[in-house]
Every structure is written in C-alpha cells, then in structure tokens.
> 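Got a structure for you, questions after.
We number each residue from 1, following the sequence as shown.
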Amino acid sequence: MGYSRRFGAYLTVPPRYSEGSVIGLPRAAMVITNSERKSMYCPKKWWFRFGLGLDTKASAPLRFGAAFDEIMGSILEWYKLDKGVIFPLCGLDDCPFCSGDGCTHCNSTGDGVWKVVASEVLMDEDAENAIELTMKLKDAAEGWVRMYGRSMLDYKVVAVQPMIAVPVVTNAGKIYRSKVPVVKEEQGWRLARATDTEAECRLVTLPWYQLAKLDAIVMNRKDEKLWVWETKTSGSPERFSKDLHLDTQLPGYTRAAWYASTVLKEWGGVGFGGYVWDVTSSQKHSTPKILKSGLFSLAANQRVPSWAWSEALKNKISKNLALKKIDQIQSQFESVKLGKGSHLYATAAEKKEALKLLKEELAEAKNLVGAWDLAFRASLTDASLYYRQWGSFTPSQLHLYEVELFSDAKRLAKWLRALPGSSQLDQQSRTHVASNWPRVPLCRQPGGICAYTGPCLEDSFEARSSFGKRESLRWLSRK
C-alpha cells in the first residue's frame, strides 16, 4: 500500500450528507459521524458495518424517528417563513405552504406535512403495521404543535436541518491529520474497505472533520442568541432524556453550532445560547373516551394529554358552574319529592318523570366535574408524553468532548489503515480481525441488540450476503 501525492480531490461526498452543502467542509477531508462513533463501542460491530460495509434495515424505532424528523423538518420550514402565527393543524393533512394547490414542499400533491410522509411509510412498511405507525406519527406531530407550537413564536428559525463540518483538533489545538487508505475510481476516489487488497489502495494524508446534521438553529427574538433545536421521539421521553450531558450527540451538535456561528460567522454571527431538547412520545396519544351514555369515561389510566382534555371540554361549562348546577339539581330533587313549587299539584307519574330527568342532569354534571379533575391531573400525563429541556455546555465540558473525539479519530485512523485485505475467511485474516477489532458483547447486556449477531457467531460469505451494501465516503476529482 503506497503513498499517493496525486490525490487532487475537489469535493468530499460523505454518505447521507450528499444532498445540499455542508457548512465548513473542505474539498478533501476525512469525516467521522456520531453514528460511527457509537458503532465503535464494539470494534467487531464497526468492522462489519463500516469495514465490510454491510448495511441493515433500520429498526422500527429508528424508522419512526426518521419519519418524525421529516415531518418536523417541514413544520420548522413553515415557522422559518416567520408568519407570526402558530402552525395550523390542518397543515398536517393539507399543504400549509400552498393551501393544497401543489408545490415543491408537497411534491405537487397538495398533501400536508404528515400526509406526505404517511404515504411514504405506507409504501415502505408492512401493511398491518403501516396504518398504526402513520397514526402514531400524526399523534406525535399534533402533540408537539399543541404543546410547543406557540412557544416557537418567541424564536426565529434561521436554519432547518443544517449540515456542519467541525475540525477534529489535537490536544495541542491543531486540526488532526492522518494517513487514510483510498481506492481510485472513475470519478475520483473512495475510502478503502476490508474487501480491497493492499495493492489497490493508496495512502493519502487528510484533515479530519466531524459531521453533524442538526434539526434546526433558532434565534431568540429577545436577546438574539442562537440555539440548537432538537426534536426526538421515544417510548419514554423522560427516561430517554436523562443524563443528556453524557450523550455524545448534544455536545457535538452544540460545538458544531458554536463553530459555525462564531468561527465561520454563519447566521449573522450572533451570540450562542445552548440547546433545546424536545422529546415527544411515540406511543398512541389517547383522546377522552366517550361512553355509550354520552358521558366521559373517568378511568384513570387513559393517558390523555391536557390539550386533548381542553379540546374535549372547550364547549362545556366550567367545573365551578358544574358544581353550582349540582347544588341546584339536588335542591330541585327535594322540591319534586316534597311537591313544592311547580310540583305542588304534579301527579305521581309527572314526579317520576321529573326525577328521572333530574337524575340524568345530575349524572352529567357530576361526570363533568370528574372530567375537569382528570383534565387538571393530565399535566402528569403530559410529563410522560412530552419532555423539553434547555441547557448549555461549559467550555470545560466541550474541551473534554474534543479530547474524546480526537481519541476516537486516532483509533479510527488506525483501524482504517488495517482494513485492506481483512475480509478473507482464512485463519490469518481471522486472527488479524480479532487482533484489531475484538468483540465487546454489548449485545448481551439487557436491552442490547445487534444486527450482526449471525456473522459474528459464524462468519461466512453466505452470512454476509444477506446484508445490503453501505455507501462509501467518496472524493470527486477534476477530469
């Protein structure tokens, strides 16, 4: 594997970042992503996924999250228009950008931001799961708009899903550079894989950059500080959001936004605030159940959010008026029973009918009081469906993150140089793989799962053939 001085790349094309421009990305650079860093927790998993390039279908939660990201991207694009009003809920079904007439946002269908994504999900998912999945997506999107849509008016959305490249720096503060193996192609070069031979590869020296794709950058209208805005989904939002500072994504996104705004002077170079973390439940969002009698179900386990109760009760009398009505009805009960007032000369049948109507009114009023009580307690349900956290990272915390990132980049550079020729199944190759990418069985931990369990237990070309192929990092060269 020789060294090449004639690299001549004019464009770096990272997988998943090829659509649109990446802020701060040089013409020729080696890149590292947060998802690749997570795969490095188990070196053998990284070798299967990135070394061999074996691709897998995303898990159901990841597919749900990707669909929700697409919906939220459209909602945030709408807020970017700065109309000064809350996103209209009808925009989930009918395109809010063109009022259903057809535009680029809705692919000329006139469909709303949820319906566009729902049609894609219905094509990709199994029929029995697709409808349930799309309705949960609508619940999550509507829930976010109802809970947080008004708060977005305090901010100006300045960028939606921006892609940023940030230098990986050494402990001395310089951009990290290393030799990485590449393979010549017709249109340029690509990063070498385990299936390439050493004779096919050349080493080139490249600077390292971390890639980050954020959900949005917003500016507070009061102090004009910029914030990273992230929207996520989870079956348990509060548990998912615990110990955010230990996650490698948020400090990376914060560092990327700070670098783009402060160093590269993107978005006006305004001061930087921190991050906002919104998590919406991926579970079904219930609405108040109506019984056959027409009354509200007062079961305590309905998991109805407060906004759904507000919607159901908006045309009903208040709890105080319902309590007064109960007192009035109970007083009327006594009048009927004792034959007072208008019931002085009432027949037994007339009294019976009057008492029946009063019982129905009393039941309705008491039910309404119970419904208002459930609506009041629904804030506890909200905490299990929606979670928002504000935060920031200190310079010391971001420095430690940079040190860890540099450490991972050095380890990855070493792995990349060891890759060529490691895909064979002979004893020498297996020993080489075991030496460089040993198993760390995180899949055996509670909740652990890995798509590569089959080839990890018994590797073979047949076992590998059941996987798809991942795209490689490429560099285009001028012809």
Side-chain angles (χ1 to χ4, degrees), residues 56-78 86-96 105-107 109 111-149 152 161 215-216 229-242 277-290 297 299-312 374-375 378-389 447 449:
T56 61
K57 186 177 181 180
S59 65
L62 285 177
R63 295 198 303 276
F64 185 93
F68 182 74
D69 278 349
E70 193 173 340
I71 294 172
M72 287 306 305
S74 296
I75 291 175
L76 291 168
E77 282 285 4
W78 188 89
I86 302 170
F87 179 85
L89 288 172
C90 61
L92 295 175
D93 292 294
D94 300 312
C95 182
H105 291 283
C106 61
N107 301 322
T109 63
D111 289 340
V113 299
W114 162 75
K115 194 172 285 186
V116 168
V117 176
S119 62
E120 296 171 358
V121 171
L122 287 169
M123 287 190 292
D124 294 340
E125 295 290 327
D126 296 333
E128 60 181 278
N129 299 324
I131 295 177
E132 180 184 4
L133 182 62
T134 55
M135 295 314 298
K136 284 183 178 180
L137 280 169
K138 190 171 187 180
D139 283 346
E142 181 178 354
W144 185 91
V145 172
R146 288 187 181 275
M147 289 296 293
Y148 302 125
M152 293 303 296
Q161 297 182 344
D215 286 340
W229 207 286
E230 286 297 303
T231 57
K232 306 290 183 186
T233 61
S234 170
S236 179
E238 193 169 8
R239 187 168 69 242
F240 179 66
S241 303
K242 284 185 65 178
W277 174 269
D278 280 347
V279 187
T280 303
S281 176
S282 56
Q283 302 298 318
K284 179 176 176 54
H285 296 201
S286 300
T287 55
K289 184 179 179 181
I290 306 298
S297 168
N301 61 347
Q302 295 183 70
R303 284 174 58 86
V304 178
S306 59
W307 62 262
W309 273 115
S310 298
E311 189 72 14
L374 281 180
S379 58
L380 299 175
T381 301
D382 288 347
S384 68
L385 294 175
Y386 316 104
Y387 186 88
R388 168 171 284 182
Q389 181 167 324
I449 188 170

> Would you check if His105 and Val116 make a side-chain contact, meaning some heavy-atom pair closer than 4.5 Å?
no
> Could you give the distance from OG1 (Thr231) to CG (Leu76), rounded to the nearest 0.5 Å?
6.0 Å
> Ser74 and Val113: which non-hydrogen atoms are nearest, and at how many Å?
CB-CG1, 3.4 Å
> Which residues pass the side-chain contact (heavy atoms from CB on, under 4.5 Å) test with Asp382, sequence neighbours left out?
Met147, Pro305, Ser306, Tyr386
> Using the test side chain to side chain donor-acceptor pair (under 3.5 Å), find all partners of Glu70 that sit at least two apart in sequence or belong to another chain.
none
> Quick check: do Trp229 and Met152 have side-chain heavy atoms less than 4.5 Å from each other?
yes
> Quick one: pull up CG in Asp215 and CE in Met72 and give me the separation to the nearest 0.5 Å.
8.0 Å
> Is it the case that the side chain of Ser241 and the backbone of Glu238 share a donor-acceptor pair, with hydrogens and angles ignored and the cut-off at 3.5 Å?
no
> With rounding to the nearest 0.5 angstrom, report the NZ to CG distance, Lys115 to Asp94.
6.0 Å
> Does Ile75 reach the side chain of Trp144, with side-chain heavy atoms less than 4.5 Å apart?
yes
> Would you check, one step at a time, whether the test side chain to side chain contact (heavy atoms under 4.5 Å, CB included) holds for Trp114 with Glu142?
CA-CA 9 Å; Trp114 162 75; Glu142 181 178 354; over 6 Å; no
> Where is the tightest heavy-atom contact between Lys284 and Lys136, given as atom of each residue plus distance?
N-CE, 4.1 Å
> Is the shortest side-chain heavy-atom distance between Arg303 and Ser384 below 4.5 Å?
yes
> Could you measure the distance from the CG atom of Asp139 to the OG1 atom of Thr280? Nearest 0.5 Å is fine.
11.0 Å
> Among all residues two or more places apart in sequence or in another chain, which pass the side-chain contact (heavy atoms from CB on, under 4.5 Å) test with Arg239?
Ser236
> Tell me whether the centres of the aromatic rings in Trp277 and Phe240 are closer together than 6.0 Å.
yes
> Locate the shortest heavy-atom distance separating Ile86 from Val145; write the atom from each residue and the value.
CG2-CG1, 4.3 Å
> Mind checking the CG-OG spacing from Leu385 to Ser234? Nearest 0.5 Å is all I need.
11.0 Å
> As an exercise, state the distance from CD of Gln161 to CG of Asp69, rounded to the nearest 0.5 Å.
6.5 Å
